Amino acid sequence: MHRPPAWTSAAALPKVPPPLAAEQGLMRLSAYFLPLLRENPSEAQIVSHRLMLRAGMIRQSSAGIYSWLPLGLRALKQVEQIVREEQDASGALEVLMPTIQPAELWQESGRYDDYGKEMLRITDRHERAMLYGPTNEEQITDIFRHSIKSYRDLPKNFYHIQWKFRDEVRPRFGVMRGREFLMKDAYSFDIDKRSAVTAYFKMFVAYMKTFKRMGLKPIPVRAETGPIGGDLSHEFHVQADTGESELYFDSDVVLLDENRIDPASLTVQDDIAGWYAATDEKHDPAEFETRVPEARRRHARGIEVGQIFYFGTKYSKPMGAVVVGPGDEPIPVEMGSYGIGVSRLVGAIIEAGHDDAGIIWPESVAPFRLGLVNLRAGDARCIAAADELYAKLCAAGIETLYDDRDESPGAKFAAMDLIGLPYQLVVGPRGIDKGVVELKERGTGKRQELSPEAALNRLGAK
RNA sequence: CGGGGCGUAGCUCAGCCUGGUAGAGCGCCAGCUUUGGGAGCUGGAAGCCGGAGGUUCGAAUCCUCUCGCCCCGACCA
């Protein structure tokens with residue numbers, strides 16, 4: 001039997017209430033795009049990758065390249081915003097450099113040949129050699145040298161948050177090791193080493209604050225400088241069994257208080273070096289044993305979420321980033337660079353926060369703060385109660401995802417646990433009879449029955 | 001880049017060894033019943049079996065080549 005396509009009949013369209021103007025930042029699930037997967041996709045081996053796919057956050061396009069769907073994009077933007085705020089607070093200046101760069105810049109620094117196959121090389125229609133940037137030292141140095149000519153304009157620190165491409169031989173673990181990834185990279189310019197090291201430790205402090213705000217316990221470890229070059233570097237790791245790096249550290253490193261670090265202090269480096277923490281490349285078993293009491297020695301795996309480098313004049317000399325000093329002499333500037341894997345952090349945060357049922361977002365990065373659940377979408381009283389709560393949450397500016405779908409209660413609970421919003425507010429017929437709603441904390445699993453007003457208060461509304 | 005594995009419906013997979021009209025569960029659509037932890041029944045839609053060659057009367061199945069994806073290792077935010 002032939003049926004006309006649904007769009008020929010207005011009656012066939014699903015009835016979705018139009019979003020109110022006041023609903024900005026809030027969302028009815030019936031109008032959202034949240035393609036949940038009930039089963040584990042076979043390609044995903046580690047938990048964050050599985051959960052991101054199952055929770056409808058990302059979709060793979062090709063190996064190591066992903067689309068970010070609405071829920072995932074919200075989480076990504078939350079992470080990005082925290083990174084931005086802490087960079088701004090440290091005095092760094094946000095810019096935005098292009099993804100596509102001219103090869104000449106990289107030929108100048110000598111890295112065009114060094115970088116190898118990881119760099120995606122492109123030719124434009126005029127046969128000009130271009131590349132999709134794996135990082136931006138050359139680009140920012142070029143900007144700097146065109147405009148900054150005097151030591152009196154220093155220090156400066158520029159950052160941007162931009163997509164990078166590194167043609168990894170073997171991308172894996174979802175967004176944790178993609179070929180295309182979102183990265184915050186900052187570049188500092190100073191007149192001398194002393195000042196450059198201060199810039200370095202300013203970033204050190206900013207990084208500690210950034211990761212802690214995301215509910216993580218960062219472990220800063222001494223690191224190799226690798227192809228970026230230089231002689232001072234730290235990596236910041238999040239502990240996770242699925243991490244790719246091996247760490248050796250003093251368990252007291254978690255006591256390191258970034259608020260008490262003075263980046264300008266002459267002894268800051270020694271202070272931080274006072275805590276033993278190293279990747280396996282830098283690990284010295286003899287030193288580990290003499291300096292750290294056995295009870296505090298830790299050997300664990302970690303996910304690298306950031307790395308900072310001081311590399312002196314490695315780029316400024318070949319590229320002519322030179323300022324005039326107080327005595328009229330030319331001085332190549334002292335540089336550092338500072339990266340945070342923004343898209344990787346989303347995966348790392350999930351690795352650090354989940355259970356068998358799904359993701360457990362820290363409030364600071366959760367894509368929504370609250371999931372409002374109408375357990376019985378066909379019931380007029382439930383609809384009225386849930387709609388009223390939704391309107392109040394909306395007015396209070398509490399980011400809410402409102403599950404108004406006509407699904408079974410079990411499916412709704414499972415979906416909420418999977419996407420892991422910090423709070424769930426459940427409206428059901430049982431509670432309505434008693435004049436209560438149920439507030440559940442995703443992290444602890446604690447639930448309590450409250451009057452709607454009390455629940456709103458608890459969530460900070462009104 | 002070395003080694004291994006897998007491509008069949010949106011997802012998870014069976015069928016392949018031993019060639020003979022393409023299957024299941026979940027999801028999706030319609031209807032009815034249900035409703036506090038992934039509901040039930042009935043009916044339905046949906047796949048050039050990754051692609052190209054070959055063998056054969058006949059290929060998801062056998063052979064060759066290719067492309068894609070995943071895993072282990074070496075390398076990297």
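Order of the sequence lines sets the chain letters (A, B, ...), proteins ahead of strands, with each chain counted from 1. What you see is a predicted model, and the numbers here were worked out from it, not measured in a lab.
Test I303(A), V221(A), T210(A), I308(A) against F236(A) for side chain to side chain contact (heavy atoms under 4.5 Å, CB included) and you get one pass: I308(A).
Across residues 32-45 of chain A, R38(A), E39(A), N40(A), P41(A), S42(A), E43(A), Q45(A) each have a non-hydrogen atom less than 4.0 Å from an atom of RNA chain B (numbered order).
Taking 4.0 Å as the cut-off between side-chain N and carboxylate O, D417(A) and K440(A) count as a salt-bridged pair. A salt bridge links R447(A) with E438(A): the closest approach of a Lys/Arg side-chain nitrogen to an acidic carboxylate oxygen falls below 4.0 angstrom. Using a 4.0 Å cut-off between a side-chain N of Lys or Arg and a carboxylate O of Asp or Glu, R381(A) and D433(A) qualify as a salt bridge. The existence of a salt bridge linking D355(A) and R442(A) is confirmed by a sub-4.0 Å separation between a basic side-chain nitrogen and an acidic carboxylate oxygen. Ionic pairing of K164(A) and E180(A) is not present here: no N-O contact between side-chain nitrogen and carboxylate oxygen is shorter than 4.0 angstrom.
Computed from coordinates, the Q307(A) CD to C75(B) P distance equals 15 Å when rounded to whole Å. Computed from coordinates, the R54(A) CZ to C26(B) C1' distance equals 12 Å when rounded to whole Å. One atom, CE of M119(A), and another, C1' of C75(B), lie 16 Å apart when rounded to the nearest Å. For the pair E407(A) CD and G37(B) P, the computed distance is 15 Å after rounding to whole Å. Distance D406(A) CG to G27(B) C1': 16 Å, rounded to the nearest Å. Nucleotide G38(B) holds its P atom 15 Å from the CZ atom of R405(A), rounded to whole Å. Rounded to an integer number of Å, the gap from F173(A) CZ to C69(B) C1' is 16 Å. We find that CD of Q60(A) is positioned 7 Å from P of C69(B), with the value rounded to whole Å.
A side-chain N or O of H237(A) and one of E235(A) form a donor-acceptor pair less than 3.5 Å apart. For the residue pair Y207(A)/H234(A), the side-chain donor-acceptor check at 3.5 Å is not satisfied. Residues E137(A) and Y315(A) bring no donor and acceptor atom of their side chains to less than 3.5 Å of each other. Looking at Q87(A) and R84(A), their side chains never bring a donor and an acceptor atom within 3.5 Å of each other. For the residue pair Y66(A)/S61(A), the side-chain donor-acceptor check at 3.5 Å is not satisfied. A donor-acceptor contact under 3.5 angstrom links the side chains of D185(A) and Y187(A), judged on distance only.
Nucleotides G73(B) and A39(B) are separated by 47 Å at their C1' atoms, to the nearest Å. Here the separation of G25(B) from C41(B), taken at their P atoms, is 11 Å to the nearest Å. The same atom, C1', is picked in A24(B) and in G5(B); the two are 24 Å apart, to the nearest Å. Comparing C71(B) with A59(B), their P atoms sit 36 Å apart, to the nearest whole Å. Rounded to whole Å, the separation between the C1' atoms of A22(B) and C63(B) comes to 23 Å. Rounded to a whole angstrom, the distance from the C1' atom of C70(B) to that of G53(B) is 27 Å. Spacing between U8(B) and C48(B) at atom C1', rounded to whole Å, works out to 12 Å. Using atom P as the reference point in both U42(B) and U61(B), the two lie 35 Å apart (nearest Å).
Applying the Watson-Crick and G-U wobble criteria (two distances, each under 3.5 Å), A52(B) pairs with U64(B). Nucleotide G47(B) forms no Watson-Crick or G-U wobble pair with any nucleotide shown, as no partner meets the under 3.5 Å limit on both distances. The partner of C17(B), taking Watson-Crick or G-U wobble pairs whose two distances both stay under 3.5 Å, does not exist in any strand shown. Across all strands shown, the partner of G31(B) is C41(B), judged by Watson-Crick or G-U wobble contacts whose two distances both fall under 3.5 Å. Pairing of U12(B), defined by two Watson-Crick or G-U wobble distances under 3.5 Å, is identified with A24(B).
For the pair G341(A) and V169(A), nearest-nucleotide mapping onto RNA chain B gives the more 5' position to V169(A). Comparing E449(A) and E180(A) against RNA chain B, the residue whose closest nucleotide sits nearer the 5' end is E449(A).
Using a 4.0 Å heavy-atom criterion, one finds that S62(A) contacts the sugar-phosphate atoms exclusively. Base engagement by K440(A) is indicated by at least one non-hydrogen atom pair under 4.0 Å involving a base atom. R179(A) comes within 4.0 angstrom of nothing in the nucleic acid, heavy atoms only. Residue contacts shown for G178(A) include a base, since a base heavy atom lies under 4.0 Å away. Among the atoms of the strands shown, base atoms are found under 4.0 Å from some heavy atom of E438(A). The residue G378(A) sits apart from the nucleic acid: no heavy atom pair falls under 4.0 Å. Across all strands, R447(A) comes closer than 4.0 Å to base atoms (heavy-atom distances). Residue contacts shown for G339(A) are absent, as no nucleic acid heavy atom lies under 4.0 Å away.
Side-chain proximity of E168(A) to the nucleotides C70(B), C75(B), G37(B) is greatest for C75(B). Set against C69(B), C72(B), C75(B), the side chain of E244(A) has C75(B) as its closest nucleotide. When each of G37(B), A74(B), C69(B) is scored by its nearest atom to the side-chain atoms of R172(A), the top-ranked nucleotide is A74(B). Considering only the side chain of R170(A), A74(B) comes nearest among A74(B), C70(B), G38(B).
An OP1 or OP2 oxygen of G38(B) is reached within less than 4.0 angstrom by no side-chain nitrogen or oxygen of K412(A).
Residues F288(A) and Y276(A) bring their aromatic ring centres within 6.0 Å.
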Could you pull out the protein-nucleic contacts involving nucleotides 3-7 of chain B (nitrogen or oxygen on both sides, under 3.5 Å)?
none

